[in-house]
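We count ligands from 1, going down the list as the structure has it; atoms in each ligand are counted the same way. On a predicted model such as this, the values are computed, not experimentally measured, just so you know.
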Amino acid sequence: MDGPLGPRESAEFVAGKSRDVSIDGGGVRSVAELLLAKASGPELSPGAWKALHELNPRAADEAAVSWVFVTDTLNFSFWSEHDEHKCLVGYKGRTYSGYWSLCAAVNRALDEGIPITSASYYATATLDQVKHIFRSDTDVPMPLIEERHRILNETGKILLEKFQGSFLNCVRKSEKSAQKLMHLVVESFPSYRDVTQFEGKRISFYKRAQILVADTWSVLEGKGDGCFTDISSITMFADYRLPQVLAHLGALKYSKELLEKLLRGEMFSYGDRQEVEIRGCSLWCVELIRDCLLELIEEKGEKNSREINSILLDYYLWDYARDHREDMKGIPFHRTRCIYY
Ligand SMILES: Nc1nc2c(c(CN[C@H]3C=C[C@H](O)[C@@H]3O)cn2[C@@H]2O[C@H](COP(=O)(O)O)[C@@H](O)[C@H]2O)c(=O)[nH]1
């Protein structure tokens, strides 16, 4: 049986048949114009990954790649029932929530001498050890901690069996192709298989596999093993934050019925029609924003415009969502509990 449609094709297919989510052309243009002002700035550059985020590794070595692999293996489902009551991790004088609480916990463990980035450790770590590593400073634990434990054991065992315990070996097998690495990750590690059905077709968003390729590219600073020739083929990462910020910026519109469900905080199951429409239309929306931005840069005749790809747009919009949490309070995000995003 042939594989599912790739993320970009899946998104275009979903957007073409979507009923409750639509892409607003005017909103796409206004987001492209917002990004145009940043196009030659520091935020929309590969260096921002390290420069703007103190928890990310400074180095570009094997240990840094192992850090990326373990964090992206666990990079899912941080939202809490009540935003004022959530998992928090204090690290080096700062308190972190959401995705950053994961990174803070990983760095705290390493400082405590726990080799959490080593496959030989996490392949056999116990549930209690994992609960200790990802412990919260509040009485709200990190969501899906049992699943995280299971995935760590599963992924660590496979990394030891197939890649001598080093994700850098997996990267090197991709021969500097982002697409090859994405597919090698999905084929090798079951928890990365972000695949579902829509209108009778098998589709994929591969959110964690794509962000893993992107973060590997970022941590290696686009050089050496991280010099992927086709990095621009990677799309945005279909999580639960990007739809929220795209709706906030007017590029994504929800039907009245869907908006009411979202505002009621109703749960969606992974693979529900409306959940797929939200993720697929968000992904396609960022592709259209990128196309529009490249046209605006062309029109402006900017010579020194560096490579703008969907990864950098995604990182920027994700950070924007973080920085505008208050303004976005009225725009709900969709609540799905799953290991894929
Ligand atoms: N589309 C997209 N989704 C991303 C990321 C990141 C962090 N990655 C990069 C960002 C900075 C670092 O440099 C990393 O490279 C996490 N997420 C997702 O968001 C959700 C968590 O959100 P909150 O509950 O607010 O922490 C969850 O689904 C998580 O999987 C990204 O960049 N893009």
Heavy atom of the protein closest to atom 8 (N) of ligand 1 (residue, atom name, distance):
Ile211 CD1, 3.7 Å
Which atoms of ligand 1 have any heavy atom of Tyr341 under 4.0 Å away?
28 (O)
Under a heavy-atom criterion of less than 4.0 Å, does Lys207 contact ligand 1?
yes
Just jot down the side-chain contact (heavy atoms from CB on, under 4.5 Å) partners of Thr126, sequence neighbours excluded, or say none.
Asp128, Gln129
Look at atom 19 (O) of ligand 1 and find which of Trp318, Phe237, Trp79 reaches it with the closest heavy atom.
Trp318
Nearest non-hydrogen protein atom to atom 18 (C) of ligand 1, with distance, is Asp239 OD2, 3.5 Å
Would you check if there is a donor-acceptor pair between the side chains of Thr336 and Tyr341 at a distance under 3.5 Å?
yes
With a cut-off of under 6.0 Å to the ring centre and 45° to the axis, is Arg241 in cation-pi contact with Phe333?
yes
Could you say whether the N/O atoms of Arg325 and ligand 1 ever approach to under 3.5 Å?
yes
If we number the atoms of ligand 1 from 1 as shown, the ones under 4.0 Å from a heavy atom of Leu242 are 1 (N)
Given the ring of Phe163, does Lys173 sit roughly above its face, with NZ or CZ under 6.0 Å from the centre of the six-membered ring and within 45° of the axis?
no
Any cation-pi pair here, Arg94 with Trp100, using under 6.0 Å and within 45°?
no
Under 4.0 Å from a heavy atom of Asn56: which atoms of ligand 1 are those, numbered in the order shown and with their elements?
12 (C), 13 (O)
Sub-4.0 Å atoms of ligand 1 with respect to non-hydrogen atoms of Arg322
23 (P), 25 (O), 26 (O)
Under 4.0 angstrom from ligand 1, any heavy atom of Trp49?
yes
Exercise: identify the closest heavy-atom pair between Asp61 and Ala64
OD1-N, 2.9 Å
Nearest option to atom 11 (C) of ligand 1, as decided by whichever heavy atom of Trp100, Tyr96, Tyr340 sits closest
Trp100
What protein heavy atom sits nearest atom 33 (N) of ligand 1, and how far off is it?
Asp314 OD1, 2.5 Å
Donor-acceptor pair, side chain of Ser177 and main chain of Lys180, under 3.5 angstrom:
yes
Ligand 1 and Asp215, any nitrogen or oxygen pair closer than 3.5 angstrom?
yes
Taking side-chain contact (heavy atoms from CB on, under 4.5 Å) as the test, write out the residues that go with Ser191, two or more places apart.
Ile151, Glu154, Thr155, Arg208, Ile339
Of all the heavy-atom pairs spanning Ala251 and Val28, show the shortest one and how long it is.
CB-N, 4.0 Å
Run the salt-bridge test on Lys17 and Glu277 with the 4.0 Å N-O cut-off and return the result as yes or no.
no
Residue, atom and distance of the protein heavy atom nearest atom 25 (O) of ligand 1 read Arg241 NE, 2.7 Å
Look at atom 28 (O) of ligand 1 and say which protein heavy atom is nearest, naming residue and atom and giving the distance to 0.1 Å.
Tyr240 CE2, 3.2 Å
Of the protein's non-hydrogen atoms, which lies at the shortest distance from atom 29 (C) of ligand 1, and what is that distance?
Asn75 OD1, 3.1 Å
Near Gly98, which atoms of ligand 1 are under 4.0 Å from a heavy atom of that residue?
26 (O)
Nearest heavy atoms of Gln244 and Ile331, plus distance in Å
NE2-O, 2.8 Å
